[in-house]
Chemist: 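Sending over a structure as structure tokens; questions will come in a sec.
Naming: A, B, ... by sequence-line order, numbering from 1 per chain. The basis for the numbers below is simple: all heavy atoms, side chains too, and nothing from hydrogens, waters or symmetry mates.
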Amino acid sequence: MQTVGIEAMNVYAGTACVDVEKLAMHRGLDMTRFSNLLMKQKTVALPYEDPITFGVNAAKPLIDALSAEEKDRIEVVITCTESAFDFGKSMSTYFHKLLGLNRNCRLFELKNACYSGVAGLQTAITFIVSRVSPGAKVLLIATDISRFMTVEGGEGLTEDWSFFEPSSGAGAVAALISEVPHIFQVDVGASGYYGYEVMDTCRPAPDKEAGDADLSLLSYLDCCEKAFLEYQKRVEGADLSTTFSYLAMHTPFGGMVKGAHRNIMRKIAKASTKAIEADFDERVRPSLTYCQRVGNIMGASTLMAIASAIDHGSFDTSKRIGCFSYGSGCCSEFFSGVAGQEGQARLREQRIGEQLDRRYEMSMEEYDELLATSNVVKFGTRNAVLDSSFVPAARTVHGKEILFLKEIKEFHREYEWV
Amino acid sequence: MNKEAIFELITQHACTVIPRLEGHRFESTDSLRGLGANSLDRSEIVMMTLESLTLDIPLSETFRAENIGELAALLHAKSAVSQTASC
């Protein structure tokens, strides 16, 4: 069977962040139960940042590392997002232009809430495995931002929504999928998918998110169990406790992953409470490190959890990572792949942790000011010039050229390298 | 198991998850949210209760219960159905 998987990968989580505990206190949330949510920081998207800037900044290092011939073999660019600003034009077209790619290339966008990144990954894998174009590469960019105001609680919506603001982040993961899976070799065909219609969370109006936080959590927990059971049916000998050295899951916030892990370990692995705690620390925590610092990046979250597991785990020998993605609405999938020492070394060259360290931490005053000024780029903005003097410190934190949104002219977005 | 016993189970698990609730006089109109349990706490309490009842139903089927009394009634009805189904 054709080897396939992630040849190269990078996470880009912006230029600014807030401390989530400070934000939760600022909002007057009940702090007594805050610690079980396992959240530390979240990336905040500034007005001159958008899903394109996050995606390009994630992908650029990967593209720059390719030879001209290799770059020309990128034949599909898939954007995975729920943060689109156009109903027809896919963000892949902007990525294609800004990264200078070969025009013999498919460009399109995928959607199903937080499942989009894995939908894109599996689509890319199928393309490679089909060998319709041997040697081709797929550029996968999962990119999502939160820049919205919550809908006030009404029928079907809950006030519990308020703890979603501290968890909603912004970020992108770019990955090259090919026959040369240096970073992560996917187990082809080892997938349990589980989806159905449920109205848990959605984005039904411009710049608004709506839904029921309780229902979303319960649906995530149900799907985690059912998706794994389907994986187990398809993969002979698969054992939740022993097959995987690490587990990487879609992470709206760390506490949710802890709850889902506990649920499947109890129900399927029949593990004791003490064993579950130890197992969580060993197999799950490595995947949470980036997620706890960036927040929920929706379609890109599972991919970021995989990157975190590979960066922070121990890969003296090749090890299998069990992966779970859930997207509201809903669709979920449990799949797996193998990473090794070489993959970890290559991924560590991106220095993702250091990038997160460099972000500018906003004060609560600056954060509130941001919420008031973000409508300059609200959905449907026809013309705008972005103010580069807003939180200027953020624009130079990375010490290298970073793409920012400069202007929107007749709906067309124009960017600049700063 | 009758509804009252299920109610007791729920309150016991609530005290395990949120220890400061020990000694609280639970009423059927109490809501777990009102008692300070967040989404994660509530899902854990329900998971533990389902396990105690060896009742295998999707967690999302329990979300409509507005308070502990309704949750006990819902679980009681579901467990009656699953017993009938196994005959």
Chemist: Which distance, rounded to the nearest 0.5 Å, do you find between the CE of B/M48 and the CZ of A/R266?
Modeler: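 Interatomic distance, B/M48 CE to A/R266 CZ, rounded to 0.5 Å: 6.5 Å.
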Chemist: Check whether any side-chain heavy atom of A/L218 sits under 4.5 Å from a side-chain heavy atom of B/V46, and report yes or no.
Modeler: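 Side chain of A/L218 against side chain of B/V46, heavy atoms only: no contact under 4.5 Å found.
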Chemist: Do A/D222 and B/E61 make a side-chain contact, defined as non-hydrogen atoms from C-beta onward lying under 4.5 Å apart?
Modeler: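 The answer is no, as the side chains (C-beta and beyond) never meet within the 4.5 Å cut-off.
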Chemist: Donor-acceptor check, side chain of A/D214 to backbone of B/S39, threshold 3.5 angstrom: yes or no?
Modeler: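 Answer holds: no.
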Chemist: How close do B/L40 and A/N36 get, counting heavy atoms only, and between which atoms?
Modeler: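 Heavy-atom minimum between the residues: CD1-O, 3.4 Å.
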Chemist: Considering non-hydrogen atoms only, spot the tightest contact between A/L221 and B/S43 and give its length.
Modeler: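 Scanning both residues, the minimum pair turns out to be CD1-CB, 3.7 Å.
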Chemist: If you count heavy atoms of other groups shown closer than 6.0 angstrom to CZ of B/F7, is the number above 12?
Modeler: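 Enclosed.
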Chemist: What do you reckon, is NZ of A/K226 surrounded by more than 12 foreign heavy atoms closer than 6.0 Å?
Modeler: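 Buried by this count: over 12 neighbours within 6.0 Å.
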Chemist: If you measure from SG on A/C223 to CG on B/L59, what distance do you get to the nearest 0.5 Å?
Modeler: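 So the SG of A/C223 and the CG of B/L59 are separated by 10.5 Å.
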Chemist: Is atom CZ of B/R64 surrounded by more than 12 heavy atoms (other residues, nucleotides or ligands) closer than 6.0 Å?
Modeler: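 Incorrect, the count does not exceed 12.
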Chemist: Can you tell if the side chain of B/S60 reaches within under 4.5 Å of the side chain of A/Y196, non-hydrogen atoms only?
Modeler: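 With C-beta onward as the side chain, the pair touches.
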Chemist: Using non-hydrogen atoms only, which part of A/K258 is less than 4.5 Å away from chain B: side chain, backbone, both, or neither?
Modeler: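 Nothing of A/K258, per the 4.5 Å heavy-atom cut-off to chain B.
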Chemist: Is the shortest side-chain N to carboxylate O distance from B/E44 to A/R262 below 4.0 Å?
Modeler: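 Yes, charged N to carboxylate O under 4.0 Å.
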Chemist: Side chain to side chain contact (heavy atoms under 4.5 Å, CB included) between B/E51 and A/N263: does it pass, once the steps are laid out?
Modeler: CA-CA 10 Å; B/E51 198 185 350; A/N263 192 37; over 6 Å; no
